[in-house]
J.: 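Sharing a structure, written as structure tokens. Questions coming.
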Amino acid sequence: HGNGWWAFGTLIEIYMLSKNNLIDKFSNILPKIESESDIYFEHFSMDGLEEMHQYSIDERLYEFFEFDPFKEIGETRTYIEKILHRMSNQSGEKSAMYWFVRRKSDDRLVGSAGLVNLNYARQSIEWGYGTDPAFWGCGYVLQIQEALKKFTFEVLDLNRLHGITMVENERTIQSVLASGMKHEGVLRDFYCKNGIYYDGWQYGMIAKDYTENNTMSPFVSVGKNEIVSVISSILTEEEITVESSMENTISWDSLNHMQIIIALKNQLSIDFSPSEIASSTSIKKIHKRAYEG
């Protein structure tokens, strides 16, 4: 019996050391975005109060949230305080981290992102993010998704990343499917907003999916004009040229971007990994991916 108890104690010690290493990375390492991206992550803090409040009063942000838009800066301050408390690890079991996301060119706050409900025993975590509606359609959500996936599977070395949204939230559903997430079911009456219940659309990704999705596919040779033609058939209200991008084309938003990716695959046999979907935000970048590799 003595040897048995000794062995059990050793296993517990190793388990806790591994957990401590995970928590250390979770707490101190910032998610990183590809070098060509124009956004970056920074630690969440009260320093971003005024900037966060500027977009927190935008009603568009709350269409699929259960709470009402903030009106006074005090409401935004209370929200940030709740997030900071959630990150504080006062119970000894750190389970959440949040970050601000900023634009490199001018350090303007784009939004926030978080990983929550860390479950060490199950090696799983849940993600969440929100961006200033002024930046919708710029491809930032796709870049945030890629950064969180890479952080989850390559830095934290976890096995599962998951999330949930309202079944009516088509824009988010399309983006998470394009990112490689898989639909895992519908939770009936999961949300309640103003006395009305809404079903939850549940999705997830495991480490195996992440590895398979990021395996490079063979390149195909297509010209820029062919790419322009395909995208023009989707964004019919605007003139598309070789200089067009998500940044300078109003109708090239995140939802239409998913349709563009699908059309390029079906019509020109261009396959995109989830990380390539996030970065292929212009005619030139798509051409580079398809032709030059």
J.: Apply the test side-chain hydrogen bond (donor to acceptor under 3.5 Å, both in side chains) to residues Asn20 and Asp24: give CA-CA distance (whole Å), side-chain angles for both, the deciding distance (0.1 Å), then the verdict.
T.: CA-CA 6 Å; Asn20 289 338; Asp24 182 63; over 6 Å; no
J.: Do His43 and Trp99 have side-chain N/O donor and acceptor atoms under 3.5 Å apart?
T.: no
J.: How many angstroms lie between atom OG1 of Thr281 and atom OH of Tyr140, to the nearest 0.5 angstrom?
T.: 9.5 Å
J.: Is there a donor-acceptor pair under 3.5 Å between the side chain of Thr211 and the backbone N or O of Ala207?
T.: yes
J.: For the pair Phe41 and Phe100, evaluate ring-ring contact (aromatic ring centres under 6.0 Å, His included) and give the outcome as yes or no after the intermediate values.
T.: CA-CA 6 Å; Phe41 282 60; Phe100 282 134; over 10 Å; no
J.: Can the ring centroids of Trp127 and Phe151 be said to lie less than 6.0 angstrom from one another?
T.: no
J.: Checking side-chain hydrogen bond (donor to acceptor under 3.5 Å, both in side chains) for the pair Thr249/Glu238: CA distance, chi angles, key distance, verdict?
T.: CA-CA 8 Å; Thr249 307; Glu238 295 188 64; 4.9 Å; no
J.: Pick from Phe70, Phe44, Phe65, Tyr98: which one makes a ring pair (Phe, Tyr, Trp, His ring centres under 6.0 Å) with Tyr79?
T.: Phe70
J.: Kindly compute the distance separating CD1 (Ile125) from CG (Leu22), expressed to the nearest 0.5 Å.
T.: 7.5 Å
J.: Can you name the salt bridge (Lys or Arg N to Asp or Glu O under 4.0 Å) partners of Arg102, sequence neighbours left out?
T.: Glu42, Glu51
J.: Whether Lys193 and Asp68 form a salt bridge (side-chain N of Lys/Arg under 4.0 Å from carboxylate O of Asp/Glu) is what I want to check.
T.: no
J.: Please check if any side-chain donor atom of Trp136 sits under 3.5 Å from a side-chain acceptor atom of Thr131, or the reverse.
T.: yes
J.: Using atom types as modelled and distance alone, determine if a side-chain donor or acceptor of Ser233 lies under 3.5 Å from a backbone N or O of Val230.
T.: yes
J.: How long is the straight-line distance from CD1 of Ile39 back to CG of Asp107, given to the nearest 0.5 Å?
T.: 13.0 Å
J.: I'd like to know if the side chain of Glu75 reaches the main chain of Lys71, judged simply by a donor and an acceptor atom lying under 3.5 Å from each other, with no hydrogens or angles considered.
T.: yes
J.: In Å and rounded to the nearest 0.5 Å, what is the CZ to CG distance from Phe26 to Leu115?
T.: 5.5 Å
J.: Might you confirm whether atom NZ of Lys285 has over 12 heavy atoms from other residues, nucleotides or ligands at distances under 6.0 Å?
T.: yes
J.: Set out, in order, the CA-CA distance, both residues' side-chain angles and the distance that settles side-chain contact (heavy atoms from CB on, under 4.5 Å) for Tyr40 and Ile33, then state yes or no.
T.: CA-CA 6 Å; Tyr40 66 93; Ile33 301 180; 5.7 Å; no
J.: Return a table of donor-acceptor pairs under 3.5 angstrom between the side chains of residues 182-190 and protein atoms on other chains or two or more places apart.
T.:
unit_1: Lys182; atom_1: NZ; unit_2: Asp209; atom_2: OD1; d: 3.4
unit_1: His183; atom_1: NE2; unit_2: Gly185; atom_2: O; d: 3.2
unit_1: His183; atom_1: NE2; unit_2: Trp201; atom_2: NE1; d: 3.3
unit_1: Glu184; atom_1: OE1; unit_2: Arg160; atom_2: NH1; d: 3.3
unit_1: Glu184; atom_1: OE1; unit_2: Arg160; atom_2: NH2; d: 2.8
unit_1: Glu184; atom_1: OE2; unit_2: Arg160; atom_2: NH1; d: 2.9

J.: Say whether Ile73 and Leu84 are linked into one hydrophobic cluster, either directly or through other cluster members, by side-chain heavy-atom distances under 4.5 angstrom.
T.: yes
J.: List the steps and the verdict of side-chain contact (heavy atoms from CB on, under 4.5 Å) for Arg171 and Met258.
T.: CA-CA 9 Å; Arg171 188 182 302 274; Met258 299 303 105; over 6 Å; no
J.: Can you confirm whether the side chains of Gln145 and Ser175 place a donor and an acceptor under 3.5 Å from each other?
T.: yes
J.: I'd like to know if the side chain of Thr152 and the backbone of Leu148 have a donor-acceptor N/O pair within less than 3.5 Å.
T.: yes
J.: Any salt bridge between Arg289 and Glu276, counting N to O under 4.0 Å?
T.: yes
J.: Mind checking the CD1-OG spacing from Ile227 to Ser244? Nearest 0.5 Å is all I need.
T.: 12.0 Å
J.: Could you tell me whether Lys149 and Glu154 have a side-chain N and a carboxylate O separated by less than 4.0 Å?
T.: no
J.: Begin with the C-alpha distance, continue with both residues' side-chain angles, and end with the deciding distance and a verdict on side-chain contact (heavy atoms from CB on, under 4.5 Å) for Lys265 and Ile261.
T.: CA-CA 6 Å; Lys265 179 177 181 179; Ile261 293 300; 5.8 Å; no
J.: Hey, is Asp106 close enough to Arg108 for a salt bridge, meaning N to O under 4.0 Å?
T.: no
